[in-house]
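Because the structure is a prediction, the values reported are computed rather than measured.
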There are 2 protein chains.
Amino acid sequence: MIVRDFNAIVKSERDRVVSDAKWSSVRMLLAEDKMGFSFHITFLEAGSEHTFEYKNHFESVYCMQGTGSITDLATGETHMIRPGVMYALDKHDRHTLVADEELVMACCFNPPVTGNETHQEDGSYALELETA
Amino acid sequence: MIVRDFNAIVKSERDRVVSDAKWSSVRMLLAEDKMGFSFHITFLEAGSEHTFEYKNHFESVYCMQGTGSITDLATGETHMIRPGVMYALDKHDRHTLVADEELVMACCFNPPVTGNETHQEDGSYALELETA
């Protein structure tokens, strides 16, 4: 059994915290944990906008806190985001996420993120083979 | 892109809500969604105790609200549960979960739950083939 505490990670396991200018993410589970998915708590700064396209991953995102919107760039459709709303990128959907207030999201990735990926210019993660 | 709202499901999609005497769970993503994992928001009643062993599934559980504890029945070790604590049953660990206050948990299963499983007498879910 693996037990991890978000608050302890933020204090003392900074290698599990990744940040960019307008977002940060705490890696609760990665590929090396052998669960077949990874699990992350992600913060998007109030007023920020992000375009992502995970060409190689399925991702589900559950809003725990904050408000904003997500636009499906294939259809132009926009959905409100508030606590309790989940979106799942079952078609590797290219999308723009807007945080009106700070968003706190619980995210699952399949295949699991290894921790070595970087966002590419097109907003995707490269598919990394686990080396751990 | 799949978009679902926990609050709308609770109001009007009751087939996505499963309950037992002391717990209930909202199925945000199931096997038929083809994400490779399922995602559930689960409530455990204050004062309740549960023994589970998912012999056929890996499960991660992130505490969003409430306090309690989890005991690994193989080692006897007990861990406190409070918001931000996650446990992951990477060894299909048989465990007892105690809710001191009502617990609200975000749960991921691999393989994904189909929605047709029932808890068996030993606390496991049978492995169901997706029929959808």
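Looking at Glu59(B), only its backbone comes within 4.5 Å of chain A, counting heavy atoms on both sides.
Val10(A) is connected to Ile2(A) through a chain of hydrophobic side-chain contacts under 4.5 Å among Ile, Leu, Val, Met, Phe, Trp and Tyr, so both are in one cluster. Both Val3(B) and Tyr54(A) are members of a single hydrophobic cluster when ILVMFWY side chains are connected at heavy-atom separations under 4.5 Å. In the hydrophobic cluster analysis, where Ile, Leu, Val, Met, Phe, Trp and Tyr join through side-chain heavy atoms closer than 4.5 angstrom, Leu89(B) is grouped together with Leu97(B). Grouping the Ile, Leu, Val, Met, Phe, Trp and Tyr side chains by contacts below 4.5 angstrom, directly or via other members, places Met105(B) apart from Phe6(A). Under a hydrophobic clustering in which Ile, Leu, Val, Met, Phe, Trp and Tyr are joined whenever their side-chain heavy atoms come within less than 4.5 Å, directly or via other members, Met64(B) and Val26(A) fall into the same cluster.
Atom CZ of Arg4(B) sits about 5.5 Å away from atom CE of Met86(A), to the nearest 0.5 Å. Rounding to the nearest 0.5 angstrom, the gap separating the CG atom in Asp33(A) from the CZ atom in Phe58(B) is 11.0 Å.
Not a single donor-acceptor pair under 3.5 Å links the side chain of Asp90(B) to the backbone N or O of Met35(A).
For the set Ile81(A), Asp93(A), Val61(A), the entry with the most heavy-atom pairs within less than 4.5 Å of chain B is Asp93(A). Interface remark: of the candidates Asn7(A), Leu29(A), Ile9(A), Thr75(A), Leu29(A) forms the most heavy-atom pairs closer than 4.5 Å to chain B.
Using a 4.5 Å cut-off on side-chain heavy atoms (C-beta onward), Met80(B) and Asp5(A) make no contact. Using a 4.5 Å cut-off on side-chain heavy atoms (C-beta onward), Lys91(A) and Met1(B) make no contact.
Only one option out of Phe109(A), Phe39(A), Tyr62(A), Phe37(A) pairs with Phe39(B) in a ring-ring contact (aromatic ring centres under 6.0 Å, His included); it is Tyr62(A).
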